[in-house]
Visitor: 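Mind having a look at this structure? Questions to follow.
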Amino acid sequence: MRVTQTLTRCWLGIMLAAGLAAPSLASDESFNQSFEAARAQQWDQIDRDAVRGHVLEGYVQYHELKSRLPGVSPSAINDYLRRHQDSVLSEWMRGVAQDAWGARQQFDDFLAVSDGVPQSTTRQCWYYRALLNQEPERASLGGRELWLVGHSQPSTCDPLFDQLRANNTITGADVWARLMLAWRAGDDGMQRYLPGELPSDWSAQRAAFERLQSDPGRITELPGLVSLDAPGVSSLYSTAMARLVRQDTTRALMVWREIKSRAPLTDEQRHDVEHDLAFYSLVREVNANTQWADTATAQLGDQDLLELRTRKALEHRQWQEVAAWIERMAESERRDAHWQYWLGRARQQLGNEEGARQAWQIAASQRSFFGFAAADRINQPYALENKPITIAEHDLEDAAALPSMRRVAALYRINEPGLARAEWYYLMRHLPGPQRPTLTQYALTQQWYDLTIYAAIRGDHWDALDWRFPQGYADLFQKWGQARNVDPWLLMALARRESSFNPQAQSPVGARGLMQLMPGTGQHVSRQLGVPWQGVPSLEDPETNVMLGSAYIRDMAARYSGNRIAAAAAYNAGPGRVDRWLADSDEPFDLFIEEIPFRETREYVQAVLTYRAIFEGLAKGSTQGVHMMTEHERTTRYSGALQR
């Protein structure tokens, strides 16, 4: 089914007004030189003629205004914010102005450029300090919310907290509540500091806390230490139990059985205690707690506990238990392809072939790893459920004229992809939902693949697979797939999972480019191939990245007899870990994947296999004959025998 979207003319007119009034008069090269000068605060190096009228003029003005803070009037900042309200520049400009004025307690100026509660904690503390005299009730509510956390806040919040405590907005009960949060979170510094801030009428509760702090199991002694109806005692009970469950789950159950009937807890607190007890009993496989944990899991009915209990049953191949726990799930959860697949497997193991097929039929209607695996079980094509959205050509032409789109394009032209993405993300956060499809399609026409994917997900267009799985750099993946004798759809799937086809992607640990290669890996593979290593920046070149990445995944596959499941796991977690997992395994593919101990890797493998089938299905226009895995990958045993 194809859906047609059109751009709202009223909205378009508003967005076009500023941009069409000031066409670009300067070349990108000349502008970029001035932009770099502005960043370096070399004001005499700025070519004003090159900047004036350029679609990115606001970027130079941003650095000029920023450099003059705090000596800029709020009216000048607000004028800038008005002129650049459709750009991330407005968000940045407001933030740096708030930082400059907040640090100097120029709170009237701070409020003059504020448009609501800021995002960062530091700015929120300044904001509520600024509001204390104007809107004391609102300031008190906001400040108290900042107080009630289980960790330290920035020092800029201290004056706010001091004022709120002085006017009794933050009470002894609030100090106690924060102490309990800090104890639960394990913040030792806060636990040392906060007891001394409690009023004298909280001395009994303080003494009880200090008795339990090193040994929460002494909670059984509480009735002799403090009145059970004293303020804060219920949170002392619930927090002590939370600490004890994590320290000694076996003892925690014994203590809970002793105090449960007399502990002054709310229904919610009792639920949380029992949930934690059941969870840790299952995760840690505390044999003494098994029967209680099963009963509690059934009574509580929490989905995460039911899933965990099902996984434990799978781990021990208790197929009757697998089916029973899945059937306890709420219908909306139970019908998910993941659990229908395992319900089918359990029924099959128990000799119920018809019941197995029914479960797999439900799973196979869903686009997911387990949906596709179920479809393979019953020999039917995968359900892609692709619903493309058609955008009129004239709307795409109008989109190209938008100032926001012209800025994104110009930032790419001057090699500022990070700023281009910042503009795009800001636009997607603030753009009316019905207008996103037009700009999403426009991004695709410009081959801004990662922006397309981001917009599709942000707009909840889950079935618009042409947007979520664009044919990014398809020629490169086909070329190097053939050259390395590697499945090109697997290469695309890896890149889609790793970088969303962003060639400049960088991970927190330093992986780079489309296929997120670590520099050490890139250098090693270059040496192996006899190709000169061009340095870390070369990993952001799509051709180089795919050339090296395809060789690396080829080597991983060769390590495991050509098995792409093991290779994908190794690509994410490293071959050493996969070697150990295989050495401890002798299972079919589904149980091997389900029992990968790292959740990230487990989900990664499932996603990569699913994505490769989607890419192949989209390219062929049908999933007839498309499979996530080869027959051998589906039927082989996953054990150390895979290693060569």
Side-chain angles (χ1 to χ4, degrees), residues 34-43 46 51 56-136 138-149 151-165 169-170 404 407 411 416 418-430 508:
S34 295
F35 183 26
E36 291 300 327
R39 280 172 157 165
Q41 298 190 26
Q42 298 171 339
W43 311 119
I46 295 176
V51 172
L56 299 178
E57 181 178 10
Y59 278 83
V60 171
Q61 295 171 347
Y62 166 80
H63 286 284
E64 290 178 317
L65 276 175
K66 179 182 176 182
S67 71
R68 290 163 48 201
L69 284 167
V72 181
S73 69
S75 61
I77 297 296
N78 278 325
D79 177 63
Y80 181 91
L81 298 180
R82 178 187 56 77
R83 288 185 286 111
H84 300 284
Q85 61 185 307
D86 67 333
S87 169
V88 71
L89 288 167
S90 62
E91 187 172 84
W92 293 343
M93 190 75 258
R94 178 177 284 109
V96 296
Q98 288 174 329
D99 289 344
W101 291 328
R104 291 161 181 78
Q105 300 184 41
Q106 295 174 222
F107 291 137
D108 288 342
D109 292 343
F110 185 102
L111 289 178
V113 301
S114 297
D115 66 343
V117 181
Q119 291 294 314
S120 78
T121 300
T122 293
R123 291 171 189 166
Q124 287 176 20
C125 287
W126 284 326
Y127 179 73
Y128 291 124
R129 283 183 69 190
L131 281 180
L132 273 173
N133 292 328
Q134 298 183 18
E135 299 182 52
R138 184 178 172 199
S140 296
L141 287 172
R144 187 169 174 272
E145 185 176 334
L146 289 168
W147 169 267
L148 290 173
V149 296
H151 54 80
S152 298
Q153 294 284 39
S155 60
T156 48
C157 297
D158 292 345
L160 172 65
F161 295 155
D162 290 343
Q163 292 181 63
L164 294 178
R165 292 171 67 185
T169 295
I170 292 177
S404 55
R407 283 194 302 273
L411 287 165
E416 291 287 350
L419 294 179
R421 292 184 186 94
E423 285 277 358
W424 183 260
Y425 299 159
Y426 178 88
L427 182 63
M428 289 299 117
R429 290 197 306 272
H430 295 86

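These numbers were taken from a predicted model, which means no experiment stands behind them. These values consider heavy atoms only, across backbone and side chains, with no hydrogens, waters or symmetry-generated copies.
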Visitor: Are any non-hydrogen side-chain atoms of L141 and Y128 less than 4.5 angstrom apart?
Guide: no
Visitor: Side chains of H151 and Q153, heavy atoms from C-beta outward: is any pair under 4.5 Å?
Guide: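 Yes, close enough: below the 4.5 Å cut-off.
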Visitor: Looking at P159 and S155, what are the two nearest heavy atoms and their distance?
Guide: CD-O, 3.6 Å
Visitor: Test: salt bridge (charged side-chain N to carboxylate O under 4.0 Å, His left out). Region: residues 122-132. Which pairs qualify, not counting sequence neighbours?
Guide: D99-R123
Visitor: Could you report the tightest heavy-atom contact between L69 and M93, atom names first, then the distance?
Guide: CD1-CE, 3.9 Å
Visitor: Would you tell me whether S120 and T122 have side-chain atoms, one donor and one acceptor, within less than 3.5 Å of each other?
Guide: no
Visitor: Look at the side chain of Q124 and the backbone N and O of P118, then say whether any donor-acceptor pair between them is shorter than 3.5 Å.
Guide: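 Flag set: sc Q124 to bb P118 pair under 3.5 Å.
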Visitor: Report the C-alpha separation of L132 and L160 in whole Å, then their side-chain angles, then the decisive distance to 0.1 Å, and conclude whether the side-chain contact (heavy atoms from CB on, under 4.5 Å) test is met.
Guide: CA-CA 9 Å; L132 273 173; L160 172 65; 4.1 Å; yes
Visitor: Output the distance between atom CH2 (W126) and atom CD (Q105), rounded to the nearest 0.5 Å.
Guide: 10.0 Å
Visitor: Please tell me if the side chains of L56 and F35 come closer than 4.5 Å, counting only heavy atoms from C-beta onward.
Guide: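 The answer is no; the side chains never approach within 4.5 Å.
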Visitor: Identify the two heavy atoms, one from I46 and one from A37, that lie closest to each other, and give their separation to 0.1 Å.
Guide: CG1-CB, 4.0 Å
Visitor: Using the salt bridge (charged side-chain N to carboxylate O under 4.0 Å, His left out) criterion, which residues pair with E145? Sequence neighbours excluded.
Guide: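 Once residues adjacent in sequence are excluded, E145 has no partner under the salt bridge (charged side-chain N to carboxylate O under 4.0 Å, His left out) criterion.
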Visitor: Taking C-beta and beyond as the side chain, do E135 and L111 meet within less than 4.5 Å on heavy atoms?
Guide: no
Visitor: Scan residues 57-127 for pairs that pass disulfide (SG to SG under 2.5 Å), counting only residues two or more places apart or in two chains.
Guide: C125-C157
Visitor: For the residue pair A97 and I77, what are the closest heavy atoms and their distance?
Guide: CB-CG2, 4.3 Å
Visitor: Could you check whether Y127 and R138, counting side-chain N and O atoms only, form a donor-acceptor pair closer than 3.5 Å?
Guide: yes
Visitor: Tell me yes or no: between the side chains of S90 and Y426, is some donor less than 3.5 Å from an acceptor?
Guide: yes
Visitor: Run the side-chain contact (heavy atoms from CB on, under 4.5 Å) check on W92 and K66 step by step: do they pass?
Guide: CA-CA 10 Å; W92 293 343; K66 179 182 176 182; over 6 Å; no
Visitor: Side-chain contact test, heavy atoms from C-beta onward, threshold under 4.5 Å: evaluate it for H430 versus E91 and give yes or no.
Guide: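 Yes, close enough: below the 4.5 Å cut-off.
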Visitor: Among pairs that include at least one residue of residues 100-110, which meet salt bridge (charged side-chain N to carboxylate O under 4.0 Å, His left out), considering only residues two or more places apart or in two chains?
Guide: none
Visitor: Please list all pairs meeting salt bridge (charged side-chain N to carboxylate O under 4.0 Å, His left out) that have one or both residues in residues 70-79, counting only residues at least two apart or in different chains.
Guide: D79-R82, D79-R83
Visitor: Working note: Y59 + L411, criterion side-chain contact (heavy atoms from CB on, under 4.5 Å); need CA distance, chi angles, decisive distance, verdict.
Guide: CA-CA 10 Å; Y59 278 83; L411 287 165; 3.6 Å; yes
Visitor: Determine, stepwise, if the pair N133 / F107 fulfils side-chain contact (heavy atoms from CB on, under 4.5 Å).
Guide: CA-CA 10 Å; N133 292 328; F107 291 137; over 6 Å; no
Visitor: For the side chain of Y80 and the backbone of G58, is there at least one donor-acceptor N/O pair under 3.5 Å apart?
Guide: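 Yes.
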Visitor: How about V113 and W101: do any of their side-chain heavy atoms sit closer than 4.5 Å?
Guide: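 Yes, close enough: below the 4.5 Å cut-off.
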Visitor: If the condition is salt bridge (charged side-chain N to carboxylate O under 4.0 Å, His left out), which residues does R39 pass it with, not counting sequence neighbours?
Guide: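 With sequence neighbours excluded, R39 shows a salt bridge (charged side-chain N to carboxylate O under 4.0 Å, His left out) to E36, E416, given in chain and number order.
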Visitor: Are any non-hydrogen side-chain atoms of Y425 and V88 less than 4.5 angstrom apart?
Guide: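 Result no, sub-4.5 Å side-chain heavy-atom pair not found.
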